[in-house]
There are 4 protein chains.
Amino acid sequence: MAGVNKVILIGNLGADPEVRYMQNGDPVANVRIATSETWKDRNTGERQERTEWHNVVFFGRIAEVVKQYLRKGSKIYVEGKLRTRKWQAQDGQDRYSTEVVVDINGTMQMLDSRQGGGMGSSVPFDDAPPPSRGSGRPSQPQPQPAGNVGESQGSFNGGGGGGDFDDDIPF
Amino acid sequence: MAGVNKVILIGNLGADPEVRYMQNGDPVANVRIATSETWKDRNTGERQERTEWHNVVFFGRIAEVVKQYLRKGSKIYVEGKLRTRKWQAQDGQDRYSTEVVVDINGTMQMLDSRQGGGMGSSVPFDDAPPPSRGSGRPSQPQPQPAGNVGESQGSFNGGGGGGDFDDDIPF
Amino acid sequence: MAGVNKVILIGNLGADPEVRYMQNGDPVANVRIATSETWKDRNTGERQERTEWHNVVFFGRIAEVVKQYLRKGSKIYVEGKLRTRKWQAQDGQDRYSTEVVVDINGTMQMLDSRQGGGMGSSVPFDDAPPPSRGSGRPSQPQPQPAGNVGESQGSFNGGGGGGDFDDDIPF
Amino acid sequence: MAGVNKVILIGNLGADPEVRYMQNGDPVANVRIATSETWKDRNTGERQERTEWHNVVFFGRIAEVVKQYLRKGSKIYVEGKLRTRKWQAQDGQDRYSTEVVVDINGTMQMLDSRQGGGMGSSVPFDDAPPPSRGSGRPSQPQPQPAGNVGESQGSFNGGGGGGDFDDDIPF
DNA sequence: TTTT
DNA sequence: TTTT
C-alpha cells in the first residue's frame, strides 16, 4: 500500500483524438502527445531538440471533453499515472505498452489561449469541482462551497464513478 | 479558467496535529511539516542544511486520518494546493498566512516504515508493498477500477463531499 | 535529510514583473501569478470561481528571461519551491511572507501561443538544458548530447551557479 | 519548444539495481520499482490492490548512489521523465520500451527510515545542491549559500555534466 | 492584479 | 505525428 505514481505533461496533440467505447458505453479517448526539450550543445553550441511521444488515454467524463474539444495541435496540461499493459501480438508473443492514464484522479487542461478556436467559444468548459471546505483555523467560518465532488482548477477529470453527480456535470 | 496550483511535500511533523471542528462537525487538522535541503558549500566545502516549515491543513475524511495516525516526527508525503488566508491581527491590521491545503483533491501518505510505531501496529495501514517480480495483468480487458471514487495509491484524500461514499471509506 | 518541497503553478501574471538587483549584480524578478479554479455549486448549480494569488520570485538567469519576456497577462508554467521569509514591519513586529522560489532547480515556461507577441518572435528563447546521457541498456550506444548542464524542456532555469556555462547561455 | 515531461514515483525496488557502464566509464543503473494503489470495490466492498511496475534508469553520479545504497525492497522517491526507446527484437522487429529516466534534471531520495540499514549509517549521503540565492526583496541581503550547483533536498541528481564540481561531490 |  |  505504498505508492505515488504521477505523470505531468505539457505538450501538443500529434493527431485528433481516437475515441472508442466500452461495453457499458463509457468513452475512452486516446491521444498522442509530444513533449519537446531543447538545449544547446555544449561543444558545437548548436541548438538541439528532442521530441518525446506519449500515449495518453482518458477515461470517463474527461474522455468526452477530449473528444469534443481537442484536435491535432492542441496544447494541453495533463496529470495522470503510468500504466503498462500487456497485450498479445499477432505472432502470439507478449508485448507491453506503457500509457499515461488520466481517470477520475487525473486532470486535463487546455492551454491554447483561444480554446474556442474553431469550435464555438462560449461553451461551458469547466467541470464540477470542489475547492476546500472551510477555513484552516475555523474561527470565522467563511461560507464555503461545500458538498461538491471532483477536481478543481476549471480542469477536467475522468469522473467515471458515480452517476450521483450528473447534476454537476455539463456533459 | 487557467490554473494549476499544486504543492508536493515530503517531510516530518514538527509536533502532533492540532484538530478542530467546524460547525457541521467536520474535522480540520493542522500540522507543521519540515522539509530540509542540504548542500555542500562550494567554497568552504562544508555541508549546509536549511529547513523550511510549512503549515498544512487537512479537510474532511483525511483530517480524521491525520488525527488518528500522525504524530510528531511522522514522515509523510503530501499533495495539496496553496492558499493564502487573510486574517485580522489584534491591532486591527490585516495579516496574510499561506498554507498548503489538502482536501478531497489532495493526498497524504505515511512514509514511516513502521507506521504503527507507537500506536498499535495492526492498523490496516500497512505499507512496504510486495517487491515481488513480474507484472501480473489480465490480457484483454483493462482492469479499470471504475465505479470507484477517491484517490488512488492507497493514500488518503479529504473526501469531504458526499456521505455517499462512506462504504468506500476504511475509517 | 528528508525533503521534497515542490510547487507547480500554471497561471497568469497580474502585473509586469518587478526586477531588482543584488549587490553582485544578479537580478531578482518578482511576479504575482493568479491561478483560478472553477466549480459548479452542488446546490444552486451556479458556476463558482476562486482565484488564488501567488508571489513568485525568480533568481539568476531565469530572472533575466522573466524581465525580458513576461508581461502583465502572460500565462506561464512554473516549478519551484516554497519559502517563508521573516521580515520586520514598520511597527517593529515580525511578519512572515511565503513565496514560490524559482532558482536553478526550478523551471519556467511560457504558455502563450504567441510568445513573441509584441517583442519580436525569433528570439532564441531556450536555454542550456541537457537531456539524459546515454541509453538505459547501453548495448548500442546512440549518440547522446552529453556534456550539457541545466534544465530541459526548452524551459528556463535560474542558472545562478557557474560562469563556466556562459557559452551555453543565450543571455 | 513546448514541453513538460515529468514523472514522480514513490515505491519499492523489486530487486537489486543492475549497473552497467558506458564506453566513457559512466555508470547506468536500472531498477524496477513497484507502486501499488488500493481501493475498496464499490459493489463488493472488498479491498482491491493493483501493483504497477516501472523501469527506472539512472544516469551519472546518481547511478553510483543507486548502486551503492539501494537494494531490493528499498523505498525511494523518484523524479524523472518518460522516455520510450526503440529496440530490435531477435526476430528483427521493432520493439518499444518506456522507462523513467532520472538524470541530472531528476532526483532520487531514499525513504527508508534506516537508510544505512545494512551498510553503515553515517555515510555522507547528500549531494551538492544549491538552495535559492538571495532574498526575494533584496533589501537586507541575508547571507546566502551562493555558488552551488545541483539539486536540493538532500537528494541526488545525475550530475553527469561537468567535472568542475567534483569537489562538491561526495562520490 | 490575471485569465476564461 | 505536434509545437516553437
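Side-chain atoms are counted along with the backbone in the values below, which use heavy atoms only and exclude waters and symmetry mates. Chain A is the first sequence line, chain B the second, and so forth, proteins listed ahead of strands; every chain is numbered from 1.
- Taking atom CG of L70(A) as the reference point, atom P of dT3(F) lies 14 Å away to the nearest angstrom.
- Closest to the side chain of A34(A), from the set dT2(E), dT2(F), dT3(E), is dT2(F).
- The interatomic distance linking N55(A) (CG) with dT2(F) (C1') rounds to 14 Å, in whole Å.
- Residues satisfying the salt bridge (Lys or Arg N to Asp or Glu O under 4.0 Å) test with R71(C), not counting sequence neighbours, are none.
- Between H54(A) atom NE2 and dT2(F) atom P there is a gap of 15 Å when expressed in whole angstrom units.
- Contact check on E52(A) versus R83(D) returns no salt bridge, with no Lys/Arg side-chain nitrogen under 4.0 Å from an Asp/Glu carboxylate oxygen.
- When atom types are taken as modelled, the side chain of N5(C) and the backbone of L82(C) share a donor-acceptor pair closer than 3.5 angstrom.
- Look at CZ on R71(A): it is 16 Å from P on dT2(F), rounded to the nearest Å.
- Between the side chain of T38(A) and the base of dT4(F) there is no donor-acceptor pair of N/O atoms closer than 3.5 Å.
- If you measure from atom CG of D112(C) to atom C1' of dT2(E), you get 11 Å, rounded to the nearest angstrom.
- Phosphate contact (OP1/OP2 of dT2(E), side-chain N/O of K72(C), threshold under 4.0 Å): present.
- Residue contacts shown for S74(C) are absent, as no nucleic acid heavy atom lies under 4.0 Å away.
- Spacing between atom NZ of K40(C) and atom P of dT4(E) amounts to 21 Å, rounded to whole angstrom units.
- Scanning for side chain to side chain donor-acceptor pair (under 3.5 Å) contacts around T98(D) gives T84(D), with sequence neighbours left out.
- Whole-Å rounding puts the N30(C) CG to dT2(E) P distance at 18 Å.
- Atom P of nucleotide dT3(F) and atom CD1 of I76(A) are separated by 13 Å, given to the nearest angstrom.
- Ranking dT3(F), dT3(E), dT2(F) by closeness to the S36(A) side chain, first place goes to dT3(F).
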